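Everything quoted here is computed from the prediction, not taken from an experiment.
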Amino acid sequence: MSDLEANSSHSSVPSRQLGARNGESRHAGFSDKYGPVKCLWIEPPASAAENKLIVKPFAWNYFYNGILYRTKEERQPTLAELFFDLLYVGITANLANTCIEYSVGSSLAKYILLFLPCWHVWSDMRAFMDYYYNNDVTQNAYLLWIMFLLVTYANNAHTVTLNEKPLIGLVVACYMLARFSYATMLLIYNLFFIKEHRKQMMWYCGSLYISVIMAGFVLLPNHMYQRIIIVCCLYFWDALSYSITFSAWFKKLINTPYHTAMSIEHEIKRHNSFVTIAIGEFLYPTVALTPASGGLNERTARCTCILILAFCLAWFYFSGEGSRKAIHALRRHSLTGLCWIQFHFFLIVSLALAANSGGVLTETKYTTNTDSSGEESPMARSNYLQDVQIYFGSGLAVALVSMTVIAMLDKGLDEPIFWKLTPKARILPRFIMAAVTFGLSFAEINITLYLGIVSLLLLIQLIFEKVADVKSHAYKIKLNSVAQASLASSQSDEDSGLVHEQQGSINTDYEPDAASDYSVSSEKQRELDCHMPLPQPAHNNSNGQETDTFPDMKLQQQHSTKEEQSIAEAQQGSINTDYGPETDNETPQTHSKTKELDCSHTVTQ
């Protein structure tokens with residue numbers, strides 16, 4: 001009896017799961033580098049397919065006994081998610097402008113601490129939409145409620161420096177209500193409707209309610225530094241509870257066959273959208289505030305420099321570390337997955353700070369940072385532009401470092417022989433550019449000259465990475481033409497190991513459990529691995545001779561591209577944590593051979 005037949009006799013298996021079909025989830029751009037996602041497709045509930053006013057909540061993705069089940073519908077960022085992200089255009093600009101207005105150390109600390117709650121709420125909504133989005137009236141009402149709380153929060157966040165408890169209470173209450181609403185939605189969904197995430201999410205809801213109670217303690221102290229300590233403890237608790245609840249060992253501890261799964265493609269696109277919003281903050285002041293009006297002048301040059309900076313930053317982020325084939329950080333290791341998410345917070349905070357500082361430097365009528373800027377700043381002090389320039393350089397440096405670290409968290413799988421200069425070596429000079437940018441921000445020089453030097457440095461780095469990449473591809477083509485004969489015999493085995501390694505481990509919420517390919521001994525699982533229909537029993541022909549139902553299957557198996565199979569296997573990731581396996585993946589030659597034997601056994605059975 002196959003696994004699927006066994007599951008059908010088990011009353012605890014959802015009806016959607018019984019009709020699961022083998023498949024791969026391929027997304028343009030992602031699959032080319034990180035490979036497809038192997039899964040079992042399940043159909044959405046009838047109420048969701050019919051677009052009813054109220055849809056019964058259901059899980060888009062989940063794991064059952066180490067096998068990934070996905071609802072058969074491509075997960076693109078929805079209109080509701082994009083609409084929600086647009087609100088953060090104003091929130092980031094509002095908080096960053098308040099920081100730039102005073103440009104002192106305390107204003108920077110306030111900016112970071114006030115942005116943290118907004119980041120937590122965005123992360124909550126990102127996860128909720130990925131787990132349970134169905135676009136019915138209840139979810140739309142929940143979305144508008146959270147947006148109302150964010151609008152109230154952003155409009156009153158700057159009043160916390162007044163140290164008036166009623167105003168501070170309003171700001172804290174907005175955050176508490178947003179997180180309480182999220183925890184309650186998860187509790188209702190999983191307690192009454194969604195059994196696939198129930199056991200794991202009950203623990204996570206408990207940690208969310210503790211976080212809400214901790215947020216209320218911010219109102220008790222009378223001094224600001226005491227409130228800052230509480231907020232830091234709150235951030236530490238949220239990061240710790242999240243990493244524990246979705247870790248590999250915790251899922252083993254609660255001992256449930258079901259646990260959560262996220263779409264790694266959707267997760268990447270949502271973070272990409274937020275980074276795009278932050279980079280867009282560079283461009284807004286160059287046109288909205290019309291700083292370069294009155295013809296071609298010095299401020300036109302400043303706007304051009306800001307435009308070049310924004311272009312280079314966007315190219316650095318979206319090009320990643322440049323490998324042809326790689327394991328994504330979310331699949332590679334639990335630590336790399338956690339770092340990938342957390343470094344996006346520092347990236348977005350620094351981008352918003354640098355963008356709004358750049359807007360002030362572009363708009364000012366003064367030529368040097370030592371000129372008086374009392375007309376432009378309520379602080380009316382002579383070193384205002386100098387402080388803004390330091391903010392700009394610091395934010396840009398942190399953004400470059402964050403982008404580089406995020407890119408280096410991927411594990412490149414290209415052979416070193418393919419590159420004259422390895423992908424990671426090409427992006428290492430970004431750290432030098434970040435250090436120079438930060439150091440120059442303290443110099444008392446012409447503002448236009450400073451912006452020109454910084455934009456030139458980033459442009460040189462971009463050209464260096466692009467030229468090195470082009471030359472490397474040319475070298476690869478030349479090398480392949482010379483050594484094709486010597487590599488032909490070993491290419492198949494190498495690609496098989498490469499593809500399997502790209503899948504990562506099976507301990508992540510993002511991808512299926514690779515270990516289940518070997519631990520689940522079933523016809524259904526081998527069918528998923530081999531990407532072929534199960535062989536039917538032999539039958540007799542009209543002459544009484546036994547014939548094979550699939551006479552050409554052995555030949556197809558021999559001539560199938562092992563490279564595609566191995567890449568698909570290596571990129572599946574891990575299922576024991578939201579981020580990836582607990583340890584880096586080793587080249588699984590043994591697993592590849594086991595899969596080959598499994599497939600051969602299935603064919604010849």
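- Among residues two or more places apart in sequence or in another chain, the side chain to side chain donor-acceptor pair (under 3.5 Å) test is passed with Thr300 by Asn297.
- By the 4.5 Å heavy-atom criterion applied to side chains, Ile168 and Thr159 are not counted as neighbours.
- Taking every heavy atom of both residues into account, Gln226 and Pro221 meet most closely at OE1-CB, 3.1 Å.
- Side chain to side chain, Ser263 and Tyr131 fail the donor-acceptor criterion of an N or O pair below 3.5 Å.
- Counting only distance, with no hydrogens or angles, the side chain of Ser402 and the backbone of Ala399 share no donor-acceptor pair below 3.5 Å.
- Atom CG of Leu220 has more than 12 neighbouring heavy atoms from other residues, nucleotides or ligands inside a 6.0 Å radius.
- Side-chain atoms of Arg426 come within 3.5 Å of backbone atoms of Leu421 as a donor-acceptor pair (strictly under, hydrogens ignored).
- Residue pairs meeting the salt bridge (charged side-chain N to carboxylate O under 4.0 Å, His left out) criterion with at least one partner in residues 287-299, sequence neighbours excluded, are Glu298-Arg302.
- Within the 4.5 Å cutoff, the side chain of Phe311 has no heavy atoms near those of the Leu307 side chain.
- Surrounding OH of Tyr209 are more than 12 heavy atoms belonging to other residues, nucleotides or ligands, all under 6.0 Å away.
- Of all the heavy atoms in Thr286 and Cys303, the pair that sits closest is O-SG, 4.0 Å.
- Partners of Trp237 under the ring pair (Phe, Tyr, Trp, His ring centres under 6.0 Å) rule, at least two apart in sequence or in another chain, do not exist in this structure.
- The minimum heavy-atom distance linking Ala96 with Ala352 is given by the pair CB-O, 3.8 Å.
- Not counting sequence neighbours, the partners of Ser181 by the side chain to side chain donor-acceptor pair (under 3.5 Å) test are Trp145.
- With Leu108 as the fixed residue, the side-chain contact (heavy atoms from CB on, under 4.5 Å) test singles out one of Leu353, Asp387, Leu113: Leu353.
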- Message: Run the side-chain contact (heavy atoms from CB on, under 4.5 Å) test on Asn272 and Phe318 for me, step by step, so that the C-alpha distance in whole Å, both residues' side-chain angles and the decisive distance to 0.1 Å come before the verdict.
- Response: CA-CA 8 Å; Asn272 290 351; Phe318 288 101; 3.8 Å; yes

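- Salt-bridge formation is detected for the pair Arg270/Asp85: a Lys NZ or Arg NE/NH1/NH2 atom is positioned less than 4.0 Å from an Asp or Glu carboxylate oxygen.
- With sequence neighbours excluded, the residues forming a ring pair (Phe, Tyr, Trp, His ring centres under 6.0 Å) with Tyr235 are His120, listed by chain and number.
- Residue pairs that meet the salt bridge (charged side-chain N to carboxylate O under 4.0 Å, His left out) test with at least one member in residues 303-323, sequence neighbours left out, are Lys33-Glu321, Glu321-Lys424.
- For Phe431, the CZ atom is densely surrounded, since the number of other residues' heavy atoms within 6.0 Å is greater than 12.
- Under the 4.5 Å side-chain criterion, counting only non-hydrogen atoms from C-beta, Leu385 is in contact with Val360.
- Minimum heavy-atom separation, Ala397 to Ala434: CB-O, 3.4 Å.
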- Task: Dump the intermediate steps for side-chain contact (heavy atoms from CB on, under 4.5 Å) on Leu150 and Cys174, then the final yes or no.
- Result: CA-CA 7 Å; Leu150 286 173; Cys174 290; over 6 Å; no

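- Every residue was checked against the side chain to side chain donor-acceptor pair (under 3.5 Å) condition with Asn356, not counting sequence neighbours, and none meets it.
- Interatomic distance, CG of Leu361 versus SG of Cys305, reported as 11.0 Å (0.5 Å rounding).
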- Message: Pair His328, Glu267 - check side-chain hydrogen bond (donor to acceptor under 3.5 Å, both in side chains), show working.
- Response: CA-CA 12 Å; His328 196 276; Glu267 188 84 355; over 6 Å; no

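- Listed for the Ser441 side chain is no donor-acceptor partner under 3.5 Å among the backbone atoms of Gly393.
- Residue Leu400 holds its CG atom at 12.0 Å from CD1 of Ile432, rounded to the nearest 0.5 Å.
- We find the OG1-CZ distance between Thr362 and Phe282 to be 10.0 Å, quoted to the nearest 0.5 Å.
- Residues Leu95 and Cys118 are in side-chain contact: their nearest non-hydrogen atoms beyond the backbone lie under 4.5 Å apart.
- Across every non-hydrogen atom of Ser357 and Ile100, the tightest pair is OG-CD1, 2.8 Å.
- Aromatic ring orientation, Phe246 versus Tyr242: tilted (interplanar angle from 30° to 60°).
- Listed by first and then second residue, the salt bridge (charged side-chain N to carboxylate O under 4.0 Å, His left out) pairs involving residues 392-407 amount to none (not counting sequence neighbours).
- With rounding to the nearest 0.5 Å, the separation of SG in Cys312 from CG in Leu462 is 5.0 Å.
- Looking only at side-chain heavy atoms (C-beta outward), Thr152 and Leu170 come within less than 4.5 Å of each other.
- In this structure, Trp203 has its ring center under 6.0 Å from that of Phe250.
- Side-chain atoms of Tyr182 never come within 3.5 Å of backbone atoms of Ile146 as a donor-acceptor pair (strictly under, hydrogens ignored).
- Side-chain contact between Leu149 and Tyr175 is absent, with no heavy atoms from C-beta onward closer than 4.5 Å.
- The two atoms that bring Ser241 and Ser207 nearest to each other are CB-CB, 3.6 Å, heavy atoms only.
- Remark: Arg179 pairs with Asp124, Asp238 by the salt bridge (Lys or Arg N to Asp or Glu O under 4.0 Å) rule, at least two apart or across chains.
- Taken to the nearest 0.5 Å, the CD1 atom of Ile390 stands 12.0 Å off from the CG atom of Leu440.
- Close placement of the Tyr88 and Phe274 rings is indicated, their centers lying within 6.0 Å of each other.
- Scored by the ring pair (Phe, Tyr, Trp, His ring centres under 6.0 Å) test, Phe346 finds no partners at all (sequence neighbours excluded).
- Judged as a side chain to side chain donor-acceptor pair (under 3.5 Å), the pairs with a partner in residues 450-463 (not counting sequence neighbours) are, in order, Gln461-Glu465.
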- Message: Would His333 and Trp340 count as a ring-ring contact (aromatic ring centres under 6.0 Å, His included) here? Give the steps.
- Response: CA-CA 10 Å; His333 189 280; Trp340 188 88; over 10 Å; no

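- Interatomic distance, CD1 of Ile463 versus CG of Leu459, reported as 4.0 Å (0.5 Å rounding).
- Checking Thr78 against Glu81 by side-chain atom types alone, a donor-acceptor pair falls below 3.5 Å.
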- Message: Determine whether Ile91 and Tyr153 satisfy the following criterion, side-chain contact (heavy atoms from CB on, under 4.5 Å), listing intermediate values before the conclusion.
- Response: CA-CA 9 Å; Ile91 292 176; Tyr153 176 92; 5.9 Å; no

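- More than 12 heavy atoms of other residues, nucleotides or ligands sit less than 6.0 Å from atom CZ of Phe464.
- The ring pair (Phe, Tyr, Trp, His ring centres under 6.0 Å) check on Tyr317 picks up His344, with sequence neighbours excluded.
- In this model, no donor atom of one side chain and acceptor atom of the other lie less than 3.5 Å apart for Asn140 and Tyr142.
- Note on ring orientation: taking the six-membered ring where Trp is involved, the planes of Phe442 and Phe438 are perpendicular (angle over 60°, cut-offs 30° and 60°).
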